[in-house]
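To start, the structure under review is shown below, and the notes come after it.
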Amino acid sequence: MSLIVRGGRILDANAHADSGRPADLRVADGLITHVVEPGRELPAADQELDASDCVVTSGFVDLHVHLREPGREESETIETGSRAAAKGGFTAVIAMPNTEPPHDSRIVVDFVREQGRRAGLCEVVPSGCITMDRAGERLAPFAELQAAGVHLFTDDGSGVQDAQLMRRALEYSRDLGVTLAQHCEVVSLTVGAVMHEGSCCSRLGLPGWPALAEELMVHRDIELCRLTGAGMHFLHLSTARSVELVRAAKADGLAITAEVAPHHFSLTDELLSGFDPVFKVNPPLRTPADIAALKEGLADGTIDAIATDHAPHAERLKEQPLDQAPPGMLGLETALGVSLTELVDTGLMTLRQVVAALSWNPARIARLADRHGRPVSVGEPANLTVFDPTATWEVDPSTLASRSRNTPYRGRVLRGRVRHTIYEGVAVVVDGEAIQ
Ligand code: DOR
């Protein structure tokens, strides 16, 4: 299988100029075989992809997706989620462990990986649970899961509440050389909460999720990292103070990384005024001041990665009253458009900075940098995304590849769209459509 990508501009980890460098490239048997000046002759190939007006970059890596299989296939399957990922330009996704059963045994992580292989649209990399059954009581078998190819451990959906257990998990992860990723939420502060605790929530008379519930755990874990010498990753940060805490920890030299989800830097708690569960998410949508701080954190490198927290929920579930509907929103197919619209169009970040946060930074955090987020050069694995940074499109839930419809961006016009995605040398998305 060989293909040529013609007419684009390469923007990769080695690029200096933000506009990228014009080049054509050829891929064969999973590897990049040629990168040449535009229009130069290339050996024939089975397929040719038009990349005019497009950026050609290393594929995106999503540190945070819920694919629902096994157990809740009504909302998503590994195949439908992989298709949504490929359409969003992702060549690798980290599958969160809150499935039924959860990712606390070898048999489940092997199953998830294998289903990903079967779908063949992107690399589905299972995370492992920090604790058995994500119950926060006993550590999961890290070494056994690591032997099965797990490099990132999290109880996402919940945070590890017990500080002593978290200390042991950090020591263990430090010694094994795996990444620990925390969902920061002190649950005693969020019982019954449906939205951000603030003036909007008081006006609506709804139980609130205070910023402090996140920040207390961020603070505790930073101090546990200082104590143990371990590093860790913070999932879906949502508040201004969390960004400040991470900025200070990094300045102290701690090996901390952090991610933010597109919905947290583009949507505010005011959207809950209509009581529409599509805007319910955990952690919740926050205030304009939090949004400004999250964007600032991305722009100055305090936040390393943009991760979607893609959380599909079947219509039947999401259409329940606000207090009963599950939290979560789709993210894979809109991540690039929301990021470019909110961060690049506004002049806050360069295109290269945003691509770094979507590709090579998360590849490094997930320990996938041997095959994702690589330079676009000869001999490298062909995991690539070709996107048009200026194309505008309107989000229509009925056209999404996900099995669920819970996008908070219905009707929004976004700028920036994926044209082709190449995974292991195969064009799995061509002209915006998945091939299978
Ligand atoms: O909104 C969320 N949905 N946050 C989480 O942490 C879990 C996720 C889910 O699994 O639906």
Side-chain angles (χ1 to χ4, degrees), residues 62-78 80-81 84 93-103 108 112 126-127 129-131 133-136 152-161 181-187 189-196 208-209 213-214 217-218 233-239 242 258-267 269 271-272 276-286 307-320 322-332 334-335 402-409:
D62 195 339
L63 289 167
H64 198 147
V65 303
H66 297 272
L67 297 178
R68 305 300 187 216
E69 185 182 351
R72 285 185 287 157
E73 292 83 354
E74 176 192 12
S75 295
E76 193 80 287
T77 65
I78 288 173
T80 59
V93 294
I94 311 298
M96 289 295 106
N98 59 338
T99 48
E100 290 161 18
H103 298 193
V108 177
V112 169
S127 64
C129 295
I130 297 176
T131 68
D133 206 21
R134 297 176 46 255
L152 184 142
F153 290 78
T154 178
D155 273 358
D156 183 60
S158 351
V160 178
Q161 305 297 310
Q182 183 76 289
H183 164 120
C184 292
E185 177 182 359
V186 173
V187 289
L189 289 167
T190 63
V191 178
V194 296
M195 66 175 293
H196 172 65
W209 201 122
E214 174 174 303
M217 194 170 281
V218 171
H233 177 70
F234 288 116
L235 300 165
H236 51 42
L237 291 185
S238 67
T239 84
S242 293
E259 68 182 40
V260 63
H263 50 261
H264 284 130
F265 63 72
S266 61
L267 306 173
D269 59 342
L271 287 165
L272 270 305
D276 186 343
V278 82
F279 298 113
K280 181 177 175 185
V281 64
N282 187 14
L285 301 179
R286 305 277 187 193
T308 66
D309 194 3
H310 178 82
H313 291 293
E315 239 156 309
R316 175 182 78 79
L317 301 168
K318 245 339 198 183
E319 279 173 358
Q320 298 177 95
L322 192 56
D323 60 332
Q324 288 155 49
M329 336 179 131
L330 302 185
L332 284 164
T334 48
S402 172
R403 182 170 271 192
S404 290
R405 292 283 164 264
N406 54 313
T407 172
Y409 299 107

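Read the numbers this way: they start at 1 and go in the same order the structure lists the ligands and their atoms.
With 3.5 Å as the limit, one finds no donor-acceptor pair spanning the side chains of E76 and S404. Judged by distance alone, the side chains of R286 and T239 never bring a donor and an acceptor atom under 3.5 Å apart. In this structure, a donor-acceptor pair under 3.5 Å is present between the side chains of H64 and D156.
Each of H66, R72, E73 was checked for a side chain to side chain contact (heavy atoms under 4.5 Å, CB included) with E69, and the lone residue meeting it is E73.
With hydrogens and angles ignored, the 3.5 Å screen pairs no side-chain donor or acceptor of K318 with any backbone N or O of P312.
Taking a heavy-atom cut-off of under 4.0 Å, ligand 1 is surrounded by H66, R68, N98, D156, G157, H183, H236, V281, N282, D309, A311, H313, P327, G328.
When all heavy atoms of V278 and M329 are compared, the closest pair comes out as O-CE, 3.4 Å.
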